[in-house]
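Residue numbers start from 1 in every chain, and the chains themselves are labelled A, B, ... in the order their sequence lines are given, proteins ahead of strands.
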Amino acid sequence: MEKDRTLKEITPKSQDYSQWYLDVVLKADLADYGPVKGCMVIKPYGYAIWELMQREMDRRIKETGHVNAYFPLFIPKSYLEKEKEHVEGFSPECAWVTIGGGEELDEPIAVRPTSEAIICSMYAKWVQSWRDLPILINQWANVVRWEKVTRPFLRTTEFLWQEGHTLHATAEEGREETLKMLEVYRSFAEETLAMPVLHGQKSDSEKFAGAASTFAIEALMGDGKALQAGTSHDLGQHFSEAYGIEFLDKDQTRKRPWSTSWGTSTRMLGGMVMCHGDDSGLVLPPRIAPYQVVIVPIPPRKGSWDEAVLPKAREVLAALRAAGVRVRLDDRDQFQPGYKYADWEMRGVPLRLELGPKDIEKDQCVLVRRDTREKLFTPLAGLGARVNELLEQIQAGLLERARAFVAGNTTRVSSWDEFKQVMATKRGFILAGWCGEAEVEAKIKEETKATIRVMPMGDPQPAPCVYTGKPGRLVYFAQAY
RNA sequence: CGGGAUGUAGCGCAGCCUGGUAGCGCACCUGCUUGGGGUGCAGGUGGUCGCCGGUUCAAAUCCGGCCAUCCCGACCA
């Protein structure tokens, strides 16, 4: 539309949601395209956010009794082939290494699309006795999946993630672990990213290749499509059978352990961007904002900016640091204040602190909230405590706002016409009955693009199938990313 | 892989119909200016016009082929 769009202007969110998303990712300095299709460069600002997410997720994973380790990037073809469903699910999207050191390899090596195969093979050597269980290992790694359609963060050829792989003596323990990690993901999404999610079990058609059952958290994006933000799989004994993992139990019989795996990736970062961002760019929840506060000093009309304002700004910087706030002083004198406002808004910094000669006279500063754009004239005395209080309010406010959006875009429908109507207009989550047949699920997808995102936890709520009218249970539908 | 569109400076685009010195905005560089919401002015750097071939005195422009990207399908935990 507009010819003279500058680099920093962002497509309105309501006008073209996917273009808006790409604008934010590229212009807010999160990422750039690499030379290989679908391979993304995560730039320093994006990586700083990822590191904060990582730190918090890692804390939660360790708090639930897990430890970190690292397994190889390369997986021999024969290892991958041991679990039939697993290889069928992943083989088409594997990158294969067939030449090494200039010579054709005897056996192709896959670049890991996920690490069940290599990790279970190692576990087979490590486990002998019930005393070796449980094994509760997590790894932070990169994986490669050769996707046909890619989008920065949401679906990339290579991505960063954590994947947990556990072994347990009993089915109950395995199931308990699966649900425990689902809860870790749910609470991380809501408490750290301020991103509300549905959680529940996947239908068979959406299950992980080789799993007994898959659980997931699903977030709702601004265009009414759902994003799977984390999965936790109860693998049953499928993998311990396939990889020959056995242990001698207390009752002196040989048994197969039960295994689980669970993962979250850089996709969560993309989800967070879509969840909170607005027409000015990113809006970061304070807990994962690399800078929670940016100080923009205002130069005096006449005289030296160094003498009048900067020393005070440095004092404020030190005070906020001492209060545990991640803060940056933007003292670049080649940019004007207005430019800096727009710049940091685009990068989603939760609070901007303006400090000029007028403020210094009154011993105050101006705080501006990124989420509400509210201006707050704040005394410099007790600033650290006030800022921390505001950051918590912003964190809570973002979650509340996002919850209201999900609530307003979740529709309980009882007729097929209504279902189609909702999918044709506002989309979002649809709560409707389903008879449990995969064929019906496929038909619904064919006609509306909606798939079952999750079956809610707890006892199934009976409801007639929205498509066939047969007896069924309530499940959540949505069009997926 | 099927349907549609687009490839011209780092980004966004005009020029093509009607062939004749490759342009504009942003970004970038220099200088001054300005500074509480993207300052203003002046000067400047940067492009084998996606690739290959054809027509022509002459091709960004016309013709043919190829390649790439995007959208809609298909495919995809």
Subject >> Under 3.5 Å on both distances, the Watson-Crick or G-U partner of B:C1 >> reply: B:G73
Original post:
With both distances kept under 3.5 Å, what pairs with B:G43, Watson-Crick or G-U wobble?
Top reply: B:C29
**OP:** Classify the side chain of A:E354 versus the base of B:G36 as yes if they form a donor-acceptor pair under 3.5 Å and no if they do not.
**Re:** yes
Subject >> Nucleotide forming a Watson-Crick or wobble pair with B:G37, both distances under 3.5 Å >> reply: none
Original post:
When all nucleic acid strands are considered with a 4.0 Å heavy-atom cut-off, which category describes A:E88: base, sugar-phosphate, or nothing?
Top reply: nothing
Subject >> 5' precedence on RNA chain B between A:E206 and A:L22 (nearest-nucleotide basis) >> reply: A:L22
Original post:
Only one of A:R328, A:R352, A:R326 forms a side-chain hydrogen bond (donor to acceptor under 3.5 Å, both in side chains) with A:Y291, so which one is it?
Top reply: A:R328
Original post:
Does a donor on one side chain and an acceptor on the other come within less than 3.5 Å for A:D223 and A:Y481?
Top reply: yes
Original post:
Any side-chain donor-acceptor pair under 3.5 Å between A:S115 and A:Q139?
Top reply: yes
Original post:
For the side chain of A:R267 and the backbone of A:Q228, is there at least one donor-acceptor N/O pair under 3.5 Å apart?
Top reply: yes
Original post:
Tell me: CD of A:Q334 to C1' of B:A27, nearest whole Å?
Top reply: 15 Å
Original post:
To the side chain of A:D359, which of B:G36, B:A77, B:G73 is closest?
Top reply: B:G36
Original post:
From the list B:A77, B:G73, B:G36, which nucleotide is the closest neighbour of the side chain of A:P357?
Top reply: B:G36
Original post:
Below 3.5 Å, does any donor atom in the side chain of A:R155 face an acceptor in the base of B:A77, or the other way round?
Top reply: no
Subject >> Under 4.0 Å protein heavy-atom contact, by nucleotide of nucleotides 2-7 of chain B - B base, S sugar-phosphate only >> reply: ------
**OP:** Quick one: which residue pairs count as a ring pair (Phe, Tyr, Trp, His ring centres under 6.0 Å) with a foot in residues 204-225 of chain A, not counting sequence neighbours?
**Re:** A:H86-A:F208, A:F90-A:F208, A:F208-A:H233
Original post:
Going by atom types only, do A:Q162 and A:T264 share a side-chain donor-acceptor pair under 3.5 Å?
Top reply: yes
**OP:** Please name all residues satisfying side-chain hydrogen bond (donor to acceptor under 3.5 Å, both in side chains) with A:T178, sequence neighbours left out, ordered by chain then number.
**Re:** none
**OP:** Pick base, sugar-phosphate or nothing for A:A342, based on heavy-atom distances below 4.0 Å to the nucleic acid.
**Re:** base
**OP:** Would you indicate what A:G356 reaches in the nucleic acid, counting non-hydrogen atoms under 4.0 angstrom: base, sugar-phosphate, or nothing?
**Re:** base
Original post:
Counting only Watson-Crick or G-U wobble pairs whose two distances fall under 3.5 Å, which nucleotide matches B:C24?
Top reply: B:G12
Subject >> Base B:G35 paired with A:D333 side chain (donor-acceptor, <3.5 Å) >> reply: no
**OP:** For B:U6, give its Watson-Crick or G-U wobble partner with both distances under 3.5 Å, or none.
**Re:** B:A68
Subject >> Position toward the 5' end of RNA chain B (nearest nucleotide), A:E345 or A:T231 >> reply: A:E345
Original post:
Can you tell me if the side-chain N/O atoms of A:Q336 get under 4.0 Å from OP1 or OP2 in B:G38?
Top reply: no
**OP:** Assess whether one donor atom and one acceptor atom, taken from the side chain of A:R373 and the base of B:G37, lie less than 3.5 Å apart.
**Re:** no
